[in-house]
Amino acid sequence: MSTTSDNAVRAYIADHRDGFLADLAEWLRIPSVSADPGCAAEVRRSAEWLAGKLAETGFPVTEVWETEGLPAVFAEWPAGDPSAPTVLVYGHHDVQPAAREDGWHTDPFEPVTVDGRLYARGAADDKGQVFFHTLGVRAHLAATGRTAPAVNLKLLIEGEEESGSPHFPALIQRHADRLACDAVIVSDTGMWAEDTPTVCTGMRGLTDCQIDLFGPDQDIHSGSFGGAVPNPATEAARLAAALHDADRRVAIPGFYDGVIELTERERELFAELPFEEERWLRTAHSHATLGETGATTLERIWARPTAEVNGIGGGYQGPGGKTIVPSSAQLKLSFRLVAGQDAAAVQQAVRTWVADRLPAGIRHEITFWGATRPCLTPLDHPALQSVVRAMGRAFDTTIRFTREGGSGPAADLQDVLGVPVLFLGISVPSDGWHAPNEKVELDLLMKGVETAAYLWGDLADAWRPS
């Protein structure tokens with residue numbers, strides 16, 4: 001696209017920036033806290049506000065979709081070209097709890113702009129990053145003279161992401177025909193740093209469980225019976241100790257089955273990032289790195305599967321001593337999964353591993369709390385390359401690549417809709433997601449607007465999915 005078009009996009013954004021930010025501030029004043037039952041009406045008001053604003057933007061279809069919990073918002077704007085790609089943008093309009101006494105400098109639901117930063121709960125996570133698409137599509141139309149986007153554009157903005165998306169899989173399964181698309185754009189993510197714009201190419205999956213161990217029918221005297229009967233607390237500790245081998249690899253047989261290994265090119269791209277271990281350790285509130293031998297810190301948190309002990313307990317926990325063999329113990333484990341791993345297979349491997357390691361006289365129960373699938377988009381995918389080009393035009397610099405170590409509902413979209421998931425976010429680590437004084441950098445927010453304005457035309461020009 002020509003420099004003239006780029007200038008037209010930037011001019012349109014500049015002319016409409018103040019109105020866009022005023023609208024965003026209005027939305028941020030709605031305390032759409034999904035975790036608080038007392039805010040259910042506010043979450044609904046947030047959904048209705050967004051549906052109305054999307055209609056005002058120009059979307060001919062805007063709907064509030066009900067769930068068994070809190071509502072989502074769906075919008076659709078056809079391109080008018082049957083061969084154009086169909087793209088679904090995902091985000092969420094609910095926010096984390098926030099109160100002034102948590103350490104906020106100002107009212108978390110009264111937006112304040114200071115030194116080019118907009119402070120409010122949801123400014124970055126995720127209302128700001130959802131809302132930049134409204135100005136982005138308008139700039140796209142203004143700069144190209146189009147009356148509809150170059151792609152068939154759909155939005156799905158969830159209302160329960162901050163509460164674990166309990167009804168999201170059922171929602172997308174129920175509406176799979178309306179959500180059908182060629183690619184998903186997730187705008188609920190971030191970049192490496194202000195001066196290092198990046199595109200995320202994947203997220204890890206997750207499955208976690210509690211293992212309950214039972215020995216004697218009641219706590220018994222450790223002098224009269226200890227050393228002659230199995231101790232469930234000891235067995236919980238033995239399981240935890242056996243979870244990794246000497247190289248810090250997960251020692252559960254079959255755990256790594258199917259893992260898609262990093263390519264040398266991906267390793268090189270990770271290594272290009274300006275990673276400072278000491279700074280990262282401060283962010284992690286930790287004092288040394290430790291993990292799988294042969295993998296760097298970034299590889300460990302982005303592209304390698306893990307097993308973590310989240311909690312361990314059993315027996316007497318009060319002051320002083322109590323000489324018993326406890327009747328029960330508990331172990332809580334979580335497993336982050338990477339592309340190629342199957343959560344159900346991992347769960348079965350864990351069940352078999354536990355059963356094989358426990359002695360006679362120890363009864364056990366394992367409870368898994370569901371699973372989130374990993375997702376990964378290949379570096380050479382044409383839709384990903386469009387995201388990279390659009391972002392490169394907006395930032396006027398080389399775009400680098402990351403992955404996300406956490407897990408989220410993006411994988412549900414990939415699983416149900418059967419399409420690649422791409423990530424477009426402009427938030428930076430200092431934005432303080434879930435923390436007091438959450439903010440968004442306004443210049444970066446405008447770069448998000450600009451990226452979205454370029455993206456739809458690039459996708460339509462460069463990609464015609466079968």
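All values reported here derive from a predicted model rather than from experimental measurement. What you see below is based on every heavy atom in this structure, not just the backbone, and it leaves out hydrogens, waters and symmetry mates.
- Taken to the nearest 0.5 Å, the OG1 atom of Thr57 stands 9.0 Å off from the CG atom of Leu135.
- The line from CH2 of Trp280 to OG1 of Thr297 is 5.5 Å long, rounded to the nearest 0.5 Å.
- Side-chain atoms of Arg400 and Thr198 form no donor-acceptor pair, as typed in the model, at a separation below 3.5 Å.
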- After noting the C-alpha distance and the side-chain angles of Phe275 and Glu277, does the key distance pass the side chain to side chain contact (heavy atoms under 4.5 Å, CB included) rule? CA-CA 6 Å; Phe275 177 70; Glu277 187 171 282; 4.0 Å; yes
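- Scored by the side chain to side chain donor-acceptor pair (under 3.5 Å) test, Gln96 finds Glu162 as partners (sequence neighbours excluded).
- Contact record, Trp302 with Phe401: CZ3-O, 4.4 Å, taken as the closest heavy-atom pair.
- The cationic group of Arg393 lies under 6.0 Å from the six-membered ring centre of Tyr454 and within 45° of the ring axis, placing it in a cation-pi geometry.
- Taking each heavy atom of Ile13 and Ala139 in turn, the nearest pair found is CG1-CB, 4.0 Å.
- At a cut-off of 3.5 Å, with distance as the only test, a side-chain donor of Ser334 or Asn310 sits close to an acceptor on the other residue.
- Proximity of Pro78 to Pro60: side-chain heavy atoms (C-beta onward) are separated by under 4.5 Å at one or more points.
- Side-chain contact annotation: His93 with Ser46, donor-acceptor N/O pair under 3.5 Å present.
- Phe335 has its side chain out of reach of Gln347: every pair of non-hydrogen atoms, C-beta onward, lies at least 4.5 Å apart.
- Between the side chain of Arg336 and the backbone N or O of Leu206 there is no donor-acceptor pair closer than 3.5 Å.
- Between His167 and Glu160, the side chains place a donor N or O and an acceptor N or O closer than 3.5 Å (distance only, hydrogens not considered).
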- Query: For Phe395 and Met191, what are the C-alpha separation, side-chain angles and deciding distance, and is it a side chain to side chain contact (heavy atoms under 4.5 Å, CB included)?
  - Reply: CA-CA 12 Å; Phe395 283 86; Met191 310 189 308; 3.8 Å; yes
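- Between Glu299 and the options Arg267, Arg403, Arg304, a salt bridge (charged side-chain N to carboxylate O under 4.0 Å, His left out) holds for only Arg267.
- Considering all non-hydrogen atoms of both residues, Thr196 and Leu273 come closest at CG2-CD2, 4.2 Å.
- Thr67 contributes a side-chain N or O that, together with a main-chain N or O of Gly69, makes up a donor-acceptor pair within less than 3.5 Å.
- Annotation for Ser34 and Gly159: closest pair CB-O, 3.5 Å, computed over non-hydrogen atoms.
- In this structure, Arg100 contributes its side chain and Pro108 its backbone to no donor-acceptor pair below 3.5 Å.
- With rounding to the nearest 0.5 angstrom, the CG atom of Leu141 is 8.0 Å from the CZ atom of Arg146.
- With hydrogens and angles disregarded, no donor-acceptor distance shorter than 3.5 Å links the side chain of Asp458 to the backbone of Arg389.
- No more than 12 heavy atoms of other residues, nucleotides or ligands shown are found within 6.0 angstrom of CZ on Arg248.
- Atom CD of Glu404 sits about 9.5 Å away from atom CG of Asp188, to the nearest 0.5 Å.
- For the residue pair Asp125/His434, the side-chain donor-acceptor check at 3.5 Å is satisfied.
- Looking at heavy atoms from C-beta onward, Thr402 lies out of side-chain contact with Val199 at the 4.5 angstrom threshold.
- The side-chain heavy atoms of Ile185 and Leu455, taken from C-beta on, include a pair separated by under 4.5 Å.
- Counting only N and O atoms by type, the side chains of Glu161 and His92 include a donor and acceptor under 3.5 Å apart.
- Between Leu445 and Leu24, the closest side-chain pair of non-hydrogen atoms falls below 4.5 Å.
- Taking both residues in full, the closest heavy atoms of Ala120 and Pro111 are given as CB-CA, 4.0 Å, listed atom of the first, atom of the second, then distance.
- Annotation: side chain of Trp369 is in contact with side chain of Gln210 (closest heavy-atom distance under 4.5 Å).
- In terms of modelled atom types and a separation under 3.5 Å, the side chain of Glu266 and the main chain of Thr263 share a donor-acceptor contact.
- Under 3.5 Å, the side chains of Tyr90 and Glu158 contain a donor-acceptor pair of N or O atoms.
- With rounding to the nearest 0.5 Å, the separation of CD in Glu76 from CG in Leu179 is 9.0 Å.
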- Message: I'd like to know whether Val350 forms a side chain to side chain contact (heavy atoms under 4.5 Å, CB included) with Ile252, so could you lay out the CA-CA distance, the side-chain angles of the two residues, the decisive distance to 0.1 Å, and finally the verdict.
- Response: CA-CA 7 Å; Val350 172; Ile252 298 172; 3.9 Å; yes
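- Closest approach of Ala72 and Leu171 over heavy atoms only: CB-CD2, 3.8 Å.
- Side chains of His381 and Leu379 form no contact here, defined as non-hydrogen atoms less than 4.5 Å apart.
- Of the inter-residue distances, the one linking Glu42 atom CD with Phe109 atom CZ reads 9.0 Å to the nearest 0.5 angstrom.
- Ser407 and Thr372 form no side-chain donor-acceptor contact under 3.5 Å, judged by distance and modelled atom types alone.
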Under 3.5 Å, sequence neighbours excluded: what are the donor-acceptor pairs made by side chains of residues 410-428?
residue	atom	partner	partner atom	Å
Asp415	OD1	Arg373	NE	3.4
Ser427	OG	Asp431	OD2	2.6
Ser427	OG	Trp433	NE1	2.7

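- The closest donor-acceptor contact from the side chain of Trp27 to the backbone of Asp23 lies at 3.5 Å or more, if one exists at all.
- For the pair Leu28 and Arg121, the minimum side-chain heavy-atom distance is 4.5 Å or more.
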- Determine, step by step, whether Arg45 and Glu48 satisfy the salt bridge (charged side-chain N to carboxylate O under 4.0 Å, His left out) criterion, reporting the C-alpha distance in whole Å, the side-chain angles of both residues, the deciding distance to 0.1 Å, and the verdict. CA-CA 5 Å; Arg45 184 160 71 98; Glu48 292 170 350; over 6 Å; no
- Please report the C-alpha distance between Glu441 and Lys439 in whole Å, then the side-chain angles of each, then the deciding distance to 0.1 Å, and finally whether the salt bridge (charged side-chain N to carboxylate O under 4.0 Å, His left out) criterion is met. CA-CA 7 Å; Glu441 301 284 339; Lys439 55 86 175 170; 2.5 Å; yes
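- Ring pair Phe131/Trp49: centre-to-centre distance below 6.0 Å.
- Panel note: side chain Thr283, backbone Arg279; a donor-acceptor pair is recorded below 3.5 Å.
- Side chain of Arg204 to main chain of Val338: no donor-acceptor pair is present (N/O by atom type, distance under 3.5 Å, no hydrogens or angles).
- Taking a cutoff of 4.0 Å between a charged side-chain nitrogen and a carboxylate oxygen, Arg464 and Asp182 do not qualify as a salt bridge.
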- Task: Test Lys127 against Asp94 for salt bridge (charged side-chain N to carboxylate O under 4.0 Å, His left out), laying out the working first.
- Result: CA-CA 8 Å; Lys127 289 180 177 178; Asp94 64 318; over 6 Å; no
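- By the 30° and 60° cut-offs, the orientation of the rings of Trp65 relative to Phe74 is parallel.
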- Item | Audit row: Gln341, Asp257, side chain to side chain contact (heavy atoms under 4.5 Å, CB included) steps and yes/no | CA-CA 7 Å; Gln341 285 181 293; Asp257 289 355; over 6 Å; no
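- For the side-chain contact (heavy atoms from CB on, under 4.5 Å) with Val73, the lone residue among Leu54, Leu155, Thr62 that qualifies is Leu54.
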